[in-house]
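To start, the structure under review is shown below, and the notes come after it.
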Amino acid sequence: DQYKGGKPFKLEHKWVPLLQIAQPLVQAVVASEDNLFLDHNGFDIEQIQKARDEAEKGKRVRGASTISQQTAKNVFLLPTKSYIRKGIEAYFTLLIEWIWGKERIMEVYLNSIEMGDGIYGAEAVAKAHFKKQASRLNREEAALIAASLPNPRKFNSGKPSPYMLKRQGQIVSLMGKLLKIQMGYGAGEIENTNKIVVFIILDIPPFKKPAISFKLNPQIKAAIKGSETNATGGATYPFNNTKTKTKIKPNPTTANIVFI
């Protein structure tokens, strides 16, 4: 298509493992493209039937392909349209569902799908449009990328149109309604860090040991802006997204909270 349009040839692609792709992008594409991805066996029969009914009524033809179907098409088939190709696509869809499983399908999908004009895969689009690695994409950026997928050559996630910004908001809303998908970088992190940290601080029992250390993941560390320690061993810890401060006064000779 670039050759036909007289454009210089451009191909940007870099394969990265799923653990180097931010979890919000996984959440965004499932919310936007296939919200039953974890439940179906490769085909969303209900959406296929809806698309067929709408086509019979003369409405605009829309796609009903699942992420598994799109992956099978991108990896094994040429971009042609025919009933024979759809049959072969169905075969490969069942095959990858059986052999690969959901995580491998998601990894291949996010590395093979076109996400911009000549841009393929999460790492390439993250660097081209957001100047960062795919593991660093946030929820809003992930939603913009997902919003571009129906036509990534027309919709540029790096320069979103008003329509894309509206679609971004819809996808972010859908992302919040789905259970958190445990795939991608940051999938296992605790989301509500404020409550977790407060719980740890307030429920410190008397200790006989001279010190106790809590190992916190980076997301919880980020929730703590700093600490103010007074002479008696008390400490005030300010938290993100809240106006309250929790003050504790541990006995400095029996307990010591160490953030590492």
Side-chain angles (χ1 to χ4, degrees), residues 10-38 63 65-68 70-71 74 102-194 217-223 225 240-241:
K10 181 179 73 170
L11 176 61
E12 297 180 37
H13 177 257
K14 181 181 179 182
W15 183 282
V16 292
L18 187 56
L19 287 176
Q20 292 180 25
I21 299 175
Q23 190 279 337
L25 186 56
V26 176
Q27 194 85 3
V29 297
V30 171
S32 174
E33 297 288 298
D34 183 7
N35 55 31
L36 294 179
F37 173 67
L38 294 179
S65 294
T66 62
I67 285 174
S68 303
Q70 293 179 53
T71 304
N74 292 338
K102 297 296 185 180
E103 285 200 29
R104 177 60 175 170
I105 290 172
M106 180 60 70
E107 181 178 63
V108 174
Y109 174 77
L110 290 177
N111 275 286
S112 63
I113 193 169
E114 188 173 16
M115 295 182 170
D117 191 8
I119 302 172
Y120 291 83
E123 185 74 3
V125 75
K127 289 186 174 180
H129 290 175
F130 302 104
K131 311 302 179 186
K132 60 174 64 176
Q133 295 176 320
S135 61
R136 301 300 178 188
L137 291 168
N138 61 36
R139 183 175 59 174
E140 288 70 26
E141 292 163 346
L144 274 177
I145 293 172
S148 73
L149 294 184
N151 192 340
R153 297 177 189 178
K154 177 181 179 182
F155 302 123
N156 186 333
S157 58
K159 298 178 181 179
S161 63
Y163 165 78
M164 283 193 67
L165 293 174
K166 179 181 178 180
R167 181 62 182 148
Q168 177 196 38
Q170 294 171 341
I171 294 173
V172 168
S173 177
L174 290 171
M175 289 166 68
K177 294 176 182 177
L178 294 176
L179 291 175
K180 185 175 181 180
I181 300 169
Q182 298 301 315
M183 297 182 192
Y185 180 81
E189 292 184 358
I190 300 171
E191 292 186 3
N192 197 340
T193 57
N194 292 346
N217 65 34
Q219 191 171 356
I220 293 181
K221 290 181 188 177
K225 291 294 188 181
N240 291 343
N241 304 321

Inset, instruction - List the atom of Ile181, the atom of Gln23, and the distance in Å for their closest heavy-atom pair. - result: O-NE2, 3.0 Å
Inset, instruction - Carefully, step by step, assess Ser68 and Lys102 under the rule side-chain contact (heavy atoms from CB on, under 4.5 Å). - result: CA-CA 8 Å; Ser68 303; Lys102 297 296 185 180; 4.2 Å; yes
Legend entry - Donor-acceptor pair, side chain of Ser173 and main chain of Gly169, under 3.5 angstrom: no
Inset, instruction - Look only at the side chain of Asp34 and the backbone of Ile67, and say whether a donor-acceptor pair between them is shorter than 3.5 Å. - result: yes
Legend entry - Glu33 side, atom CD; Tyr109 side, atom OH - distance, nearest 0.5 Å: 4.5 Å
Legend entry - Greater than 12 external heavy atoms within 6.0 Å of Lys132's NZ: yes
Legend entry - Cationic N near anionic O, under 4.0 Å, Lys127 to Glu12: no
Legend entry - Taking every non-hydrogen atom, the tightest pair across Asn111 and His13: O-NE2, 2.7 Å
Legend entry - Contact check, side chains of Val26 and Leu18, non-hydrogen atoms, under 4.5 Å: yes
Legend entry - Residue pair Ile145 / His129, side-chain heavy-atom distance below 4.5 Å: no
Inset, instruction - Measure from the side-chain N and O atoms of Gln27 to the backbone N and O of Leu179, and report whether any donor-acceptor pair falls under 3.5 Å. - result: yes
Inset, instruction - Write down the atom of Ala122, the atom of Leu25, and the distance for their closest heavy-atom approach. - result: CB-CD2, 3.5 Å
Inset, instruction - Kindly indicate whether the side chain of Gln133, heavy atoms from C-beta on, has any atom under 4.5 Å from the side chain of Tyr185. - result: no
Inset, instruction - Write down the atom of Val30, the atom of Leu178, and the distance for their closest heavy-atom approach. - result: CG1-CD1, 4.0 Å
Legend entry - Which atom of Gln70 lies closest to which atom of Ile113, heavy atoms considered: OE1-CD1, 3.9 Å
Legend entry - Side-chain (Glu141) to main-chain (Asn138) donor-acceptor, under 3.5 angstrom: yes
Inset, instruction - State, yes or no, whether a side-chain contact exists between Tyr120 and Leu11 at a heavy-atom distance under 4.5 Å. - result: yes
Inset, instruction - Would you check if Glu107 and Trp15 make a side-chain contact, meaning some heavy-atom pair closer than 4.5 Å? - result: yes
Legend entry - Side-chain heavy atoms of Arg167 within contact of Phe155, under 4.5 Å: no
Legend entry - Spacing of Asp117 atom CG and Ile119 atom CD1 [to the nearest 0.5 Å]: 7.5 Å
Legend entry - Carboxylate-amine/guanidinium proximity below 4.0 Å for Glu114 and Arg153: yes
Inset, instruction - Give the minimum heavy-atom separation between Ala28 and Ala142, together with the two atoms involved. - result: CB-O, 3.6 Å
Inset, instruction - With the side chain counted from C-beta on, respond yes when Leu149 and Ser32 share a heavy-atom pair under 4.5 Å apart, and no when they do not. - result: no
Inset, instruction - May I ask you to decide if Leu144's main-chain N or O and Gln168's side chain share a donor-acceptor pair within less than 3.5 Å? - result: no
Inset, instruction - Flag the pair Met115 / Leu110 as yes when at least one side-chain heavy-atom distance between them is below 4.5 Å, and no otherwise. - result: yes
Legend entry - Interatomic distance, Gln170 atom CD to Met175 atom CE [nearest 0.5 angstrom]: 13.5 Å
Inset, instruction - Could you tell me whether a side-chain N or O of Glu123 sits under 3.5 Å from a main-chain N or O of Lys14, the two making a donor and an acceptor? - result: no
Inset, instruction - Look at the side chain of Glu103 and the backbone N and O of Met183, then say whether any donor-acceptor pair between them is shorter than 3.5 Å. - result: no
